[in-house]
Amino acid sequence: MATNTSKTARASVRAGQAAAGALSVLGEFKYLIPLNGGKHVYVRNLTNGKTNRLATSSDAFVEEIRVLAGAGHATKVRVELQALNVAHPGHGWDATEQRLVDAGVFEAA
């Protein structure tokens, strides 16, 4: 966890892990922790060790997912987006995934 992350952000990430069963026996964790009805999300980035709070409609979100996809995590991120859509169908996760597809984020993967 980044040292400049707020106490609230760290607590939210921990709550997301506990609620979503984020840690598995293989040591994998969730990349996306939904906030605000799908309008924002914490993105956990393994490539730089930071967790960023981003609007799902922002270019910064697209670029953060592009970095993860480029590092070989595209399949896992897409699975998480699809799982979020199933768990929260009214939050627009299908539109968020489509926006990433339209931006070509998953093409390199």
Side-chain angles (χ1 to χ4, degrees):
M1 186 71 51
T3 57
N4 62 350
T5 307
S6 72
K7 182 170 64 171
T8 303
R10 290 190 303 269
S12 181
V13 168
R14 282 192 302 272
Q17 288 175 336
L23 294 177
S24 74
V25 291
L26 300 176
E28 296 177 12
F29 59 87
K30 299 289 183 190
Y31 295 93
L32 306 173
I33 299 169
L35 302 166
N36 198 18
K39 294 177 185 171
H40 294 88
V41 65
Y42 280 126
V43 178
R44 299 177 71 190
N45 190 330
L46 291 176
T47 64
N48 61 18
K50 293 185 179 182
T51 300
N52 295 309
R53 182 184 188 272
L54 302 168
T56 54
S57 60
S58 71
D59 291 337
F61 172 72
V62 172
E63 292 309 312
E64 192 76 11
I65 300 302
R66 190 182 311 275
V67 169
L68 286 171
H73 303 282
T75 303
K76 292 178 184 178
V77 171
R78 283 194 89 170
V79 166
E80 283 191 32
L81 286 167
Q82 292 163 0
L84 286 170
N85 189 48
V86 169
H88 310 286
H91 291 185
W93 293 106
D94 53 343
T96 300
E97 181 182 10
Q98 187 59 48
R99 184 170 178 263
L100 293 168
V101 169
D102 292 345
V105 170
F106 299 120
E107 290 177 5

| Listed by chain and number, what are the salt bridge (Lys or Arg N to Asp or Glu O under 4.0 Å) partners of Asp59, not counting sequence neighbours? | Arg99

| request: Classify the side-chain pair Gln98/Asp94 by whether it contains a donor and acceptor separated by less than 3.5 Å. | output: no

| request: Apply the test side-chain contact (heavy atoms from CB on, under 4.5 Å) to residues Asn85 and Glu97: give CA-CA distance (whole Å), side-chain angles for both, the deciding distance (0.1 Å), then the verdict. | output: CA-CA 9 Å; Asn85 189 48; Glu97 181 182 10; over 6 Å; no

| message | Restricting to non-hydrogen atoms, name the atom on Arg53 and the atom on His40 that form the minimum distance, rounded to 0.1 Å. | response | NH1-CD2, 3.5 Å

| task | Can you run down the salt bridge (charged side-chain N to carboxylate O under 4.0 Å, His left out) pairs that involve residues 66-75, sequence neighbours left out, and say none if there aren't any? | result | Glu63-Arg66

| query | Are Leu46 and Ile65 co-members of a hydrophobic cluster defined by side-chain heavy atoms under 4.5 Å apart? | reply | yes

| So among Val41, Ile33, Leu32, which one has a side chain to side chain contact (heavy atoms under 4.5 Å, CB included) with Leu84? | Leu32

| Is there a path from Leu81 to Val67 through hydrophobic residues (I, L, V, M, F, W, Y) whose side chains come within less than 4.5 Å of each other? | no

| said: Is there a path of hydrophobic side-chain contacts, each under 4.5 Å between heavy atoms, that joins Leu68 and Val101? | reply: yes

| task | Measure the spacing between NE2 of His91 and OG1 of Thr96 and express it to the nearest 0.5 Å. | result | 11.0 Å

| field | Any pair counted as ring pair (Phe, Tyr, Trp, His ring centres under 6.0 Å), so long as it reaches residues 45-67, sequence neighbours left out | value | none

| field | Beyond-backbone contact of Val86 with Trp93, side-chain heavy atoms, under 4.5 angstrom | value | no

| task | Would you kindly say whether Glu64 and Asn52 are connected by a side-chain donor-acceptor distance under 3.5 Å? | result | yes

| task | Could you tell me whether the side chain of Thr51 and the main chain of Tyr42 form a donor-acceptor pair under 3.5 Å? | result | no

| message | For a quick test of reading the model, state the closest non-hydrogen atom pair linking Val105 to Ala69 and the distance between them. | response | O-CB, 3.5 Å

